[in-house]
Amino acid sequence: GYICQGDTTEIEASGGVTYNWTPIIGLENPASAETNAYPDSTTRYNVDVTNQYGSVDTISVVVIINLLPIADSGTGDTVCYRDSILLNASGGESYLWSPSNGLSDTSIANPKAAPVFSTTYTVLVVNDSGCTSTDTVHIEILPIPNITTTGARRICEGECTLLSAN
C-alpha cells in the first residue's frame, strides 16, 4: 500500500499458526499475522507463514512511502494598521490557510492578508500524493500613531503654523 512519510499502515497475512515478518525494522510486531508497519522508506516485507502441518509459505507486501511536501509560507513581515500584504506559500498542489481572519481566500497559495491584530497564519500544504505538511508566518501590525494637538489656533488662507506630533 501507499502511505505518507511518517504514517503507519497495517499489513497482514492469514492461513497460518505462526508468522515471521522480515525485515523487522519498522514493524510493531513481526511475529503476528497483523502488524503495523512504519518504514522510513519504501520497503518490501516478507512473511513466512507456517500452517498447522509445518508447511511454510512466503508472501510479500510492499509499503510505498510518498514524500511529504516541503511547506513554505514565506517570511513574516510588518505592516501598518489597515494595510494589507500578499502571503505566498509554496511546496504543494493545494493550500489551506488558518485562521481565516483578514484573509481574502483561505484556499489559495497567495491570499491577501489584512489582519486587524498581529497574527500568525498557518498554511496546510497538500501534495499530489495527498501528503501534508504545515508552515507558519507571522504578520506584525504596527499601531496607529497617536496624534494630538494643543490649543485652538485659527489660521487664514496663506498663513503658516507649526504642528508637532509624538
Side-chain angles (χ1 to χ4, degrees), residues 1-13 21-45 47 60-153 155 161-166:
Y2 294 87
I3 62 172
C4 294
Q5 190 175 27
D7 285 351
T8 300
T9 189
E10 185 178 81
I11 56 177
E12 60 183 289
W21 292 91
T22 56
I24 62 172
I25 294 173
L27 290 180
E28 194 170 272
N29 186 355
S32 175
E34 298 174 354
T35 185
N36 287 322
Y38 45 91
D40 291 330
S41 60
T42 296
T43 303
R44 175 182 299 277
Y45 290 103
V47 59
S60 296
V61 175
V62 177
V63 178
I64 298 171
I65 302 298
N66 290 318
L67 297 177
L68 300 178
I70 299 172
D72 184 359
S73 60
T75 57
D77 210 340
T78 302
V79 296
C80 293
Y81 180 74
R82 292 192 179 162
D83 279 351
S84 63
I85 187 167
L86 198 62
L87 301 181
N88 193 13
S90 62
E93 299 294 318
S94 64
Y95 303 89
L96 183 61
W97 290 91
S98 65
S100 60
N101 304 15
L103 294 180
S104 61
D105 190 332
T106 60
S107 62
I108 60 173
N110 55 348
K112 183 166 53 167
V116 176
F117 303 102
S118 295
T119 303
T120 299
Y121 290 104
T122 300
V123 63
L124 174 73
V125 177
V126 183
N127 67 13
D128 57 358
S129 299
C131 299
T132 64
S133 64
T134 60
D135 196 21
T136 60
V137 63
H138 184 75
I139 305 302
E140 185 72 26
I141 302 299
L142 295 174
I144 297 174
N146 186 12
I147 299 173
T148 59
T149 60
T150 56
R153 178 168 157 97
I155 59 171
T161 190
L162 178 65
L163 299 175
S164 63
N166 291 329

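- The CG atom of N66 lies 4.5 Å from the SG atom of C131; values are rounded to the nearest 0.5 Å.
- Smallest separation of non-hydrogen atoms from Y45 and P39: OH-CB, 3.4 Å.
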Apply side-chain contact (heavy atoms from CB on, under 4.5 Å) to C4 and L68, showing your working. CA-CA 7 Å; C4 294; L68 300 178; 4.1 Å; yes
Before you tell me yes or no, could you show the steps for I11 and W21 under side-chain contact (heavy atoms from CB on, under 4.5 Å), namely the whole-Å CA-CA distance, both residues' side-chain angles and the distance that decides it to 0.1 Å? CA-CA 10 Å; I11 56 177; W21 292 91; 3.6 Å; yes
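- For the pair T78 and L142, the minimum side-chain heavy-atom distance is below 4.5 Å.
- In this structure, the side chains of I139 and I85 come closer than 4.5 Å at one or more pairs of heavy atoms.
- Here the side chains of T42 and V62 are in contact, with some heavy-atom distance below 4.5 Å.
- Of the possible donor and acceptor atoms, none in the side chain of S100 sits under 3.5 Å from a partner among the backbone N and O of S98.
- Shown here for G91 and P69, the closest heavy-atom pair between the two residues is O-CB, 3.2 Å.
- S118 and E140 share a donor-acceptor pair across their side chains, judged by distance under 3.5 Å alone.
- Under the 4.5 Å side-chain criterion, counting only non-hydrogen atoms from C-beta, I141 is not in contact with V116.
- Atom CG of L87 and atom OH of Y121 lie 7.0 Å apart (nearest 0.5 Å).
- The OG atom of S84 sits 11.0 Å away from the CG atom of L103 when rounded to the nearest 0.5 Å.
- The shortest heavy-atom contact between W97 and A89 is CZ2-CB, 3.5 Å.
- For the atom pair Q5 CD and L67 CG, the distance stands at 5.5 Å (nearest 0.5 Å).
- Considering all non-hydrogen atoms of both residues, Y81 and I144 come closest at CD2-CD1, 3.1 Å.
- Between I65 and D40, the closest side-chain pair of non-hydrogen atoms is not below 4.5 Å.
- Looking at Y38 and L27, their side chains never come closer than 4.5 Å, going by heavy atoms from C-beta outward.
- Heavy atoms from other residues, nucleotides or ligands lying under 6.0 Å from CD1 of I64 number more than 12.
- Nearest heavy-atom pair across H138 and T120 is ND1-OG1, 2.7 Å.
- Counting heavy atoms of neighbouring residues, nucleotides and ligands inside a 6.0 Å radius, atom CG of L86 exceeds 12 of them.
- How far OG1 of T132 is from CG of D7: 8.0 Å, rounded to the nearest 0.5 Å.
- Looking at N36, its side chain never comes within 3.5 Å of a backbone N or O of E28 through a donor-acceptor pair.
- Taking CD1 of I25 as the start and OG1 of T22 as the end, the distance is 11.0 Å to the nearest 0.5 Å.
- For S32 (side chain) and E34 (main-chain N/O), a donor-acceptor pair under 3.5 Å exists by modelled atom type.
- Side chains of V63 and I3 form a contact here, defined as non-hydrogen atoms less than 4.5 Å apart.
- Paired with L96 under the rule side-chain contact (heavy atoms from CB on, under 4.5 Å), one option of I108, T106, V123, V126 passes, and it is T106.
- The minimum heavy-atom distance linking V137 with G74 is given by the pair CG2-O, 4.0 Å.
- Y95 pairs with exactly one of L124, V125, N110, D105 by the side-chain contact (heavy atoms from CB on, under 4.5 Å) rule, that one being V125.
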